[in-house]
Protein chains: 2
Amino acid sequence: MRQLTVDALNPALQKVQYAVRGELAIKAELLRDKLKEPGHGLPFDKVINSNIGNPQQKGLDQPPITFTRQVAALMEWPELAELAPNVFPKDVVERARELSQEIGSIGAYSHSQGVPFIRKNVAKFIEERDGFPADPAHIFLTGGASAGVSLLINMLISSPNAGILIPIPQYPLYTASLAQHQGIPIPYHLDESSGWSTSVEAIEEALIKAEKAGVLPKGLVIINPGNPTGALLDEPTMEKLVHLCDKYGLVLLADEVYQSNLHKPDTHSFTSFKKVVSKLQSGVPLVSFHSISKGVSGECGRRGGYFECTNFSEEVLALIYKMVSVGLCPPLSGQIGVDSMVRPPKVGEESYELWKKETDTIHAALASRTSLMSARLNALPGVSCVDSPGALYLYPQIKLSKKAQEAALAAGKEPDAFYALALLDATGICVVPGSGFGQKEGEWHYRLTCLCPGVDEYVGNLEKFHADWVAKYGEA
Amino acid sequence: MRQLTVDALNPALQKVQYAVRGELAIKAELLRDKLKEPGHGLPFDKVINSNIGNPQQKGLDQPPITFTRQVAALMEWPELAELAPNVFPKDVVERARELSQEIGSIGAYSHSQGVPFIRKNVAKFIEERDGFPADPAHIFLTGGASAGVSLLINMLISSPNAGILIPIPQYPLYTASLAQHQGIPIPYHLDESSGWSTSVEAIEEALIKAEKAGVLPKGLVIINPGNPTGALLDEPTMEKLVHLCDKYGLVLLADEVYQSNLHKPDTHSFTSFKKVVSKLQSGVPLVSFHSISKGVSGECGRRGGYFECTNFSEEVLALIYKMVSVGLCPPLSGQIGVDSMVRPPKVGEESYELWKKETDTIHAALASRTSLMSARLNALPGVSCVDSPGALYLYPQIKLSKKAQEAALAAGKEPDAFYALALLDATGICVVPGSGFGQKEGEWHYRLTCLCPGVDEYVGNLEKFHADWVAKYGEA
C-alpha cells in the first residue's frame with residue numbers, strides 16, 4: 001500500500017496560508033487545554049482569543065440580540081408560539097409566522113440563491129441604505145461572506161496569469177482563496193501614515209507593475225471599513241476607485257462586512273460602493289459582500305451573509321446560480337439571521353426598546369474600547385497605533401530592536417510572530433502577527449480585536465508584557 | 001467599460017453541470033410562480049419537487065424529529081428553559097444544558113473542524129455502529145456532505161491528468177466537483193440487470209482504459225446505499241473494493257449518507273467501509289461521508305454532516321484542517337443537528353417514545369412507498385424499475401419509441417429530458433432525467449424521490465401521463 005502523502009495532493013492547497021487560525025491560534029487551543037490540568041504552571045488563568053472577530057465566543061460573551069434569537073427559536077419549533085404563549089413578544093411571533101409561511105420548514109433546502117422573500121427584504125434594506133434600487137434576483141444569500149468571496153475568486157481566475165488586486169495589509173481570506181484557486185495576488189499598499197488610507201495612485205502603480213510581469217488583472221478587492229486597519233473610505237476616493245475599475249476593466253469586490261461597526265459616526269460614516277456606482281451611473285461590475293457575523297449581530301456561528309451583484313449580465317448571474325446550486329443552499333439558520341439583521345424591530349413594536357438598548361450597548365462598548373486601547377498602545381515605547389474609526393480591530397505597529405530580531409531569527413520565527421508567541425506565553429492573549437496580513441519589508445505589526453470585556457485588565461496585561469519585552473530586548 | 005462576459009471567466013466553471021437543480025428544477029420554479037396567478041390555465045394545482053431528496057419541503061412535509069428541534073430551540077434561546085419550564089422534556093433540557101456548556105453561544109465560531117465534544121459523540125456513534133475504534137481528531141464536521149466531497153476532490157486533483165473513478169449512474173455532485181476542480185471523471189458502470197450491483201471487474205476495466213489514456217487515477221467514489229440507484233453493497237464486494245484500492249493506490253471516497261434509509265432491513269443491511277477497512281486491517285486511505293439531510297433526520301436546511309478520515313497521516317489531516325479553517329467553521333445549527341442524529345434519546349428517557357414513534361413512521365412510509373411505486377412503475381409498458389432496498393429514490397428505465405426520439409431531437413432535447421419536461425408540463429411532477437446521472441448509450445432513465453405523501457394520487461398521475469405518452473408516441 002502506498003501511503004497517502006501531502007506530495008501526492010494538489011500543490012495549490014499547500015500554498016494556502018490563513019494566519020487567523022494558524023500557528024498562534026493552534027497554540028492557544030493547546031494552552032486552553034493545558035489550563036484544565038491541575039497545577040498547570042501557566043502564568044495566566046484564561047486564554048483570550050484576540051486573533052479572530054468572534055464577538056460571542058466564551059470569555060468575550062457579547063450577548064446575542066434577543067430579537068434574533070427569539071425569532072430563530074420559534075423557527076426551530078413553531079409550536080412554541082402556542083405552548084409558551086406569553087413568553088414571546090407579539091412582533092416576534094408575527095415575524096416567525098410570516099417567515100414560516102414563506103419558507104415552510106427550516107429543515108428543507110431553500111432556493112439555492114436563498115429564500116426569495118428574504119432576498120426581497122435584503123433588497124429593501126439596500127434601497128433604504130443607499131437611495132437606489134436593488135434587485136432580489138441579483139442578491140445571493142451565502143454561508144457567511146467567505147463562501148461568496150471564494151466563489152467569486154474561483155470564477156474570476158480565468159487563466160494561470162490572472163490576478164486580483166488586494167490591499168496590504170489585507171484579511172488573509174483573499175490570499176488564501178487566491179492560492180487555492182491558483183490566482184495571482186497583486187498587492188497594493190495602504191498608507192499607515194494617513195490612517196491607512198487607500199491611494200488610487202498606489203493601485204495604478206501596482207497595475208502597471210503587474211502588467212509588465214505578464215499578470216492579467218481581473219478584479220480589485222477593497223475592504224471598507226478596513227480589516228485589519230479599521231479605516232473608512234471617503235466618497236471622493238470611492239469615486240476615483242470606480243473610475244479606475246472602469247479604465248482597467250476590473251470587477252470591484254467590495255468587502256463591506258463591517259459597515260455597521262462605526263466608532264466615530266459623527267466624523268466617519270459608511271458609504272457603500274453600490275451607492276457610488278449607482279450615483280455615477282457607472283457600468284463597473286461590482287460585488288458587495290455583507291455578513292451577519294460582524295456588526296452588532298455578531299452571529300458568526302450561524303454562517304450567514306449575502307452578496308449583491310451590480311452590472312452583471314444574466315448569463316454571468318446564471319453561472320453563479322449554477323455554482324451555488326451544486327452546494328444546494330446556504331444554511332437556513334444563517335438566512336433567517338440575515339432577515340433579522342436587515343429587518344430589525346421598528347419604533348413602536350414590542351421588541352424595539354430592548355433591541356435599541358442591546359445594540360446601543362454593543363456600539364458604545366466597542367467605540368470606547370477601541371479608543372482606550374489605541375490611546376494606551378500609542379503610549380508604549382516603540383508602538384504606534386492608528387485609532388481606527390471602524391471594524392473590530394486595531395493594527396499597531398511595533399518597532400523591534402536588533403536584539404529582538406536576532407532572537408527571532410535564532411528561534412526560526414518572523415520577528416512579529418516571535419513577539420506574538422511571547423505575548424501568548426506570558427499573558428494568554430492570542431493576536432495575529434502582521435506577517436499574516438502583509439506589511440512593508442522591515443515593519444512589524446499585529447492585529448488584535450477590540451472585543452474583550454475587562455479592557456483595563458486586558459490592556460494592562462499588554463502593557464506589562466511590552467515593558468518586560470523592552471527590558472529584555474531593549475528599545476528599537 | 002468592458003462588459004463582464006462569461007468568456008472572461010474561469011472556463012472550468014462553464015463545464016460544471018448539476019441536473020438536480022438544472023433545467024427541470026428551474027422550470028418547476030417558474031410553474032410554481034405561475035400557479036399563484038388567477039386563471040393560470042395549468043392542468044395541475046401543485047408542483048411536486050421529486051427532483052431532490054428534500055423530505056421537509058412544502059408539499060412533502062415530512063415532519064422534523066421533535067427532539068432535534070426542541071434541542072435546537074433551546075440552543076437558540078437558552079432562557080426558554082426557565083421561561084417555559086414545563087414545555088420541554090427533561091432530557092432535552094439536560095442535553096441543551098450540556099451542549100451549551102461545551103459550546104457557549106451558538107453565535108460564536110466553533111473550532112474549524114467542528115465542536116470537539118460533538119466530534120467525540122460522532123466517534124462514539126461510529127464505534128457503536130462498527131465495533132472498531134474511531135478518533136475524534138480524524139473527524140471533520142461539515143456544512144453537509146457536499147462541502148466535504150468538494151474539498152476532498154479539490155485536494156486529490158494534483159495535476160491536469162488526475163482523475164477519480166465514479167459510478168454511472170452517479171449523484172452529479174461528483175462530476176460537478178470534478179469539473180470545478182479540473183479533474184477527470186473515470187466512469188465505471190453499475191449493473192442494472194443485477195439490481196445496480198457494483199462490479200470490481202468493471203472498475204478494473206475502467207482503470208486500465210484510463211491508464212492507457214494517460215489519466216492518473218487518484219480515488220474511487222462509492223455511493224452506498226446508491227444514489228440514484230438505492231442499491232446496497234454486500235460485504236464480500238466491499239472487501240474486494242478495498243483490495244482494489246490497495247492494489248492501485250486509490251483513496252476510497254465512501255458516500256454513506258443514506259446509511260439509515262433501509263427499506264428491507266431483514267435482507268439488506270448496511271455495512272460501513274470503515275468497518276470493512278478496520279476488519280481487514282487495511283492501510284487504504286478512506287474518507288466516509290455522512291449527513292443530517294437524509295436518513296430519518298431529513299434536516300437539509302441546517303447544512304450539517306461529517307466526514308471521517310481513516311489511514312490519513314497527521315500531515316494530510318493538518319492540510320485538511322488548514323483548508324477548512326479558511327471557511328472558519330461549519331454552521332453551528334448543523335453541528336447540533338449532527339449531535340442529535342448520533343445521540344438520539346435512549347430507552348427510558350422522556351423523549352424516547354415520541355422519537356421512536358416518529359422515526360418508525362418515517363421508515364415505514366418510505367419503505368411502503370418505495371415498494372408500491374416500483375411495483376406500479378414496473379407494470380407500465382416500456383418501464384422497468386429496480387425495487388431499491390435503500391436511499392430515497394427510484395431510477396426507472398424507460399424505453400422510448402423512434403417517434404418519441406425524433407420528437408425530442410426536433411425539440412433539441414435529450415429523449416429522457418424531453419420525457420421529463422412533458423411529465424412536468426402535464427402533472428407538475430418534477431423528476432431528473434437520467435442524462436443528469438449518466439446511463440449507457442441508447443438507454444433512458446429518470447430519478448424520482450419516494451418522499452411524496454398521497455402516493456396513490458401521485459403514482460396515478462405518473463401512470464396516466466405514461467399512458468398518454470404511449471398513446472401519442474407508441475411503444476418502443
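This is a predicted model, so every value here is computed, not measured. Every chain is numbered from 1 and lettered A, B, ... according to where its sequence line falls, protein lines coming before strand lines.
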So which part of [X] gets closer than 4.5 Å to some heavy atom of chain A, the side chain, the backbone, both or neither?
| X | value |
| --- | --- |
| B/Ile52 | side chain |
| B/Thr68 | neither |
| B/Val71 | neither |
| B/Ala72 | both |
| B/Ser110 | backbone |
| B/Ser158 | both |
| B/Leu216 | neither |
| B/Pro330 | backbone |
| B/Ala162 | neither |
| B/Met155 | both |

Set of side chain to side chain contact (heavy atoms under 4.5 Å, CB included) partners for B/Ala25, sequence neighbours left out: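 With neighbours one apart ignored, the set is B/Asn51.
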
In terms of heavy-atom pairs under 4.5 Å, which option from [options] contacts chain A the most?
| options | answer |
| --- | --- |
| B/Gly301, B/Gly334, B/Pro64 | B/Gly301 |
| B/Gln62, B/Glu299, B/Met323 | B/Met323 |
| B/Ser112, B/Gly337, B/Pro172, B/Gly327 | B/Ser112 |
| B/Ala318, B/Ser146, B/Pro331 | B/Pro331 |
| B/Pro63, B/Ala8, B/Pro55, B/Ser333 | B/Ala8 |

Would you check if [X] and [Y] make a side-chain contact, meaning some heavy-atom pair closer than 4.5 Å?
| X | Y | result |
| --- | --- | --- |
| B/Gln180 | A/Asn154 | yes |
| A/Leu328 | B/Cys300 | no |
| A/Trp77 | B/Thr66 | yes |
| A/Phe88 | B/Leu80 | yes |

Looking at chain B, which one of [options] has the largest number of heavy-atom pairs inside 4.5 Å, strictly under?
| options | result |
| --- | --- |
| A/Leu332, A/Val6, A/Leu156 | A/Val6 |
| A/Ser325, A/Ala84, A/Gly104 | A/Ser325 |
| A/Leu13, A/Leu83, A/Asn49 | A/Leu13 |

A/Ser293 portion near chain B, given a 4.5 angstrom heavy-atom threshold: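 Just its side chain gets close to chain B.
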
Interface moiety of A/Leu319 toward chain B, non-hydrogen atoms closer than 4.5 Å: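 Looking at A/Leu319, just its side chain touches chain B.
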
Of all heavy-atom pairs between [X] and [Y], which one has the smallest distance, and what is that distance?
| X | Y | result |
| --- | --- | --- |
| B/Ser313 | A/Leu4 | OG-O, 3.9 Å |
| B/Tyr109 | A/Gly53 | CE1-O, 3.6 Å |
| A/Val16 | B/Lys322 | O-NZ, 2.9 Å |
| A/Tyr18 | B/Val326 | CB-CG2, 3.8 Å |

If we ignore hydrogens and angles and just use 3.5 Å, is the side chain of [X] paired with the main-chain N or O of [Y] as donor and acceptor?
| X | Y | value |
| --- | --- | --- |
| A/Arg303 | B/Cys329 | yes |
| B/Lys218 | A/Leu9 | no |
| B/Lys58 | A/Ala108 | no |

B/Gln14, CD: over 12 other non-hydrogen atoms inside 6.0 angstrom: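 Yes.
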
Nearest-0.5 Å distance, CD1 of residue B/Ile153 to CG of residue A/Asn10: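 One finds 12.5 Å between CD1 of B/Ile153 and CG of A/Asn10.
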
Under the side-chain hydrogen bond (donor to acceptor under 3.5 Å, both in side chains) test, residues paired with B/Ser105 that sit two or more places apart: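 Result, side-chain hydrogen bond (donor to acceptor under 3.5 Å, both in side chains) vs B/Ser105: A/Gln56, A/Arg69.
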
Audit row: A/Glu79, B/Gln70, side-chain contact (heavy atoms from CB on, under 4.5 Å) steps and yes/no: CA-CA 10 Å; A/Glu79 292 90 317; B/Gln70 288 173 331; over 6 Å; no

